[in-house]
Amino acid sequence: MITSSAYRLDKLFMLGVFEPASVQREYQWTTKECGQLLDDLDDAFVRAGFAPPAPSATDPSDVGAGESEGALQHKTEATPLTSGPRKRGRKREYPKDYFLGPMVLYPAPRTPGKFSVYDGLQRFTSLSILLSVLRDSFSSGDTDQWFDLQQLLRTETGVVRLKAAAAGRTLASITGSLGGSRTAWRGRTSLGDADLRMRDAAKLFHERTADWSDARRVAFVKFLREHAHFAVTTVDDRSLAYKIFVTANDRGLSLKVGDIIKGRLVELAASARGAPAGDQVSQKWSQVQRMVRPRFDGFLRAVDFLETGEYHADEFGEALLDRFEEPEAADRVSAWVSEELPMQAERFATLFKYERIDPMEGVYISMRQLDFLKDDGWHPVAMALQWAYGADYPTWAQALRKLVRSCYVLELLDWPQKRRAEEKYAHAIEQLSRKEDPFEHKVASGEFGALHFSPTLQSRARSALGSPFTDMARRSALVHFVETLYWQRSLPQAPVHRTSVEHVLPRAAKGEWITLFDESIRDSTTHKLGNLCLVTKEVNHSVGNAEFAVKRACYASKLSADFKSAHEVAAYGEWTLPIIEARTQAIAAKAAKALWIEPRQERREG
């Protein structure tokens with residue numbers, strides 16, 4: 001028998017205890033997936049109105065003049081930045097509940113309250129780690145919050161509710177007791193890959209929630225317990241549970257957001273102007289898709305941002321359609337798809353022309369640097385810059401360099417509320433539409449430039465350069481950006497295209513690494529910039545966790561001279577903590593100079 005029900009997160013955890021089905025893999029989620037999970041949950045939490053008031057985009061630490069390269073001269077185009085039918089005045093209603101995804105459970109026939117997880121295990125495991133981090137993050141003495149969360153993670157008899165698939169006891173250590181998410185890995189030197197990923201997930205969640213107030217944590221936990229839901233399918237036949245798992249993970253072709261929007265716009269155009277108008281919208285839509293492949297969803301998200309001034313994440317399709325649902329707006333569908341969208345697609349496609357250029361120079365280097373970033377909030381800002389300055393190549397190149405600096409400073413600041421960055425991007429687009437320079441300290445209207453950073457924020461970003469980067473996406477962006485700094489006017493594709501971030505001191509230490517670096521040093525050093533370089537994926541796989549002599553020989557013999565950071569590492573005769581720290585400081589200084597956030601005295605002397 002198959003039964004399906006929607007379960008609140010707290011009710012699901014309280015069903016009993018869970019173990020991985022035999023078909024399940026070890027824990028595979030990296031900090032990339034975990035970071036996305038937290039971003040999505042936090043975004044839903046804020047949009048639903050449950051979050052306590054947060055600082056605005058301009059807080060006291062933003063105020064103050066930093067150094068400036070010089071104001072950009074605005075070049076006006078004949079066409080406006082956007083011309084589509086907007087609904088900026090209407091407040092969007094966001095749902096109070098959040099859908100976490102599906103789960104497939106097989107209840108043990110002879111053990112009530114015990115379930116095998118056939119689908120949804122990775123997300124369920126990550127949520128268990130997140131709940132453990134939240135439990136361990138409350139101020140000392142908050143026993144009510146600790147007890148409520150501990151009930152979700154452990155039964156009354158002390159049994160952890162979720163068992164990990166074929167891994168060590170890291171998950172049990174994280175979830176089992178107060179403080180477990182901070183101490184689970186200490187005193188252990190032989191963690192497997194799945195255990196390391198769990199440890200990294202716990203570290204990431206701690207870092208991303210470190211600045212939250214207790215009031216925000218309490219509200220967020222309440223949101224998770226009462227408004228986050230799983231769609232749970234319970235199957236009492238093991239073979240049927242397996243078939244459902246295979247079908248859910250290995251069948252069908254997902255429907256893209258662009259296809260959903262297209263279908264609705266064709267319907268609206270046809271209803272307003274007849275079937276030929278619908279056919280024309282369909283043809284134009286397909287042409288635009290071809291112009292921006294394979295980034296069509298990202299393009300639509302950027303257009304939505306430009307139109308509304310809001311970042312709608314996964315709801316951008318609904319937001320785009322929202323503007324055409326009123327009867328008088330449906331008549332404008334054909335003009336929007338035929339005129340506005342192709343113009344925006346040309347601007348968007350220009351941002352990725354670097355892919356066909358080797359070596360890259362000028363604006364193409366800036367485009368490549370921007371595309372290292374995980375978040376795509378820079379897309380609409382870059383399109384607005386092209387609208388404002390694209391007619392004057394030197395000014396456009398200067399504007400893109402400034403955007404690179406601003407985006408990487410935002411990446412380094414890594415605000416707990418991602419909305420801070422989104423607000424800055426939206427404010428920058430608004431200033432550009434008024435022919436103001438968002439990179440200046442003050443603009444003509446008297447406001448602060450949206451993408452100008454005070455000395456306080458610059459100092460905070462500069463300090464982050466010397467810290468460990470445990471978030472995979474953030475680490476990858478910074479290491480790739482640093483690699484470009486080894487080059488001057490010309491950058492080849494090879495060292496930054498489909499390459500891997502190599503940890504010289506490996507995450508899973510063994511042999512001489514354990515002798516040279518004790519555990520506490522490894523934890524604080526492994527993800528620092530000084531311990532990282534770029535290599536090909538083949539070399540990364542080949543060297544694995546080998547000793548330094550093996551690694552440096554491989555870097556020197558199997559990588560071309562274009563891989564400058566790896567050859568820099570290979571030039572060392574040994575790999576010690578002083579070398580890592582010195583290299584971290586040197587790289588941080590180089591990056592700070594490139595981003596214009598080095599101390600003012602050094603900038604004047606330079």
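The structure presented is a predicted model; accordingly, all values stated were derived computationally and were not measured.
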Begin with the C-alpha distance, continue with both residues' side-chain angles, and end with the deciding distance and a verdict on salt bridge (Lys or Arg N to Asp or Glu O under 4.0 Å) for Asp42 and Arg208. CA-CA 11 Å; Asp42 188 58; Arg208 297 285 290 274; over 6 Å; no

Please examine the side chains of [Y] and [X], heavy atoms only from C-beta on, and report whether any two atoms are closer than 4.5 Å.
{"X": "Phe469", "Y": "Glu411", "answer": "no"}
{"X": "Arg264", "Y": "Ile260", "answer": "no"}
{"X": "Lys262", "Y": "Trp285", "answer": "yes"}
{"X": "Leu37", "Y": "Leu127", "answer": "yes"}
{"X": "Asp200", "Y": "Thr470", "answer": "no"}
{"X": "Tyr425", "Y": "Cys407", "answer": "yes"}
{"X": "Leu134", "Y": "Leu149", "answer": "yes"}

Any idea how [X] and [Y] line up, ring-wise: parallel (<30°), tilted (30 to 60°), or perpendicular (>60°)?
{"X": "Phe230", "Y": "Phe124", "answer": "perpendicular"}
{"X": "Phe223", "Y": "His227", "answer": "parallel"}
{"X": "Trp378", "Y": "Phe352", "answer": "tilted"}

[X] side, atom [atom1]; [Y] side, atom [atom2] - distance, nearest 0.5 Å:
{"X": "Phe50", "Y": "Lys222", "atom1": "CZ", "atom2": "NZ", "result": "8.5 Å"}
{"X": "His480", "Y": "Phe372", "atom1": "NE2", "atom2": "CZ", "result": "5.5 Å"}
{"X": "His229", "Y": "Phe99", "atom1": "NE2", "atom2": "CZ", "result": "10.5 Å"}
{"X": "Glu318", "Y": "Asp304", "atom1": "CD", "atom2": "CG", "result": "10.5 Å"}
{"X": "Met291", "Y": "Gln344", "atom1": "CE", "atom2": "CD", "result": "10.5 Å"}
{"X": "Glu19", "Y": "Leu162", "atom1": "CD", "atom2": "CG", "result": "10.0 Å"}

If the threshold is 4.0 Å, N to carboxylate O, is there a salt bridge linking Asp523 and Arg199?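 Salt bridge present between Asp523 and Arg199.
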
So does Asp39 pair up with Lys374, basic N to acidic O under 4.0 Å?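 Answer for the salt bridge query: yes.
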
When you compare the side chains of [X] and [Y], does any donor N or O come within less than 3.5 Å of an acceptor on the partner?
{"X": "Asp40", "Y": "Gln36", "answer": "yes"}
{"X": "Ser4", "Y": "Thr233", "answer": "yes"}
{"X": "Ser126", "Y": "Glu33", "answer": "no"}
{"X": "Ser500", "Y": "His541", "answer": "no"}
{"X": "Thr31", "Y": "Lys203", "answer": "no"}

Under 6.0 Å from the ring centre and within 45 degrees of the ring axis: does the NZ or CZ of Lys114 meet both conditions for the six-membered ring of Phe18?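 Verdict for Phe18: no cation-pi partner in Lys114.
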
Return all side-chain donor-acceptor pairs below 3.5 angstrom for residues 292-301, not counting sequence neighbours, or 'none' if the list is empty.
from   : atom 1 : to     : atom 2 : distance (Å)
Arg295 : NH1    : Glu355 : OE2    : 3.4
Arg295 : NH2    : Glu355 : OE2    : 2.6
Arg295 : NH2    : Asp371 : OD2    : 3.3
Arg301 : NE     : Ala313 : O      : 3.3
Arg301 : NH1    : Asp376 : OD2    : 2.7

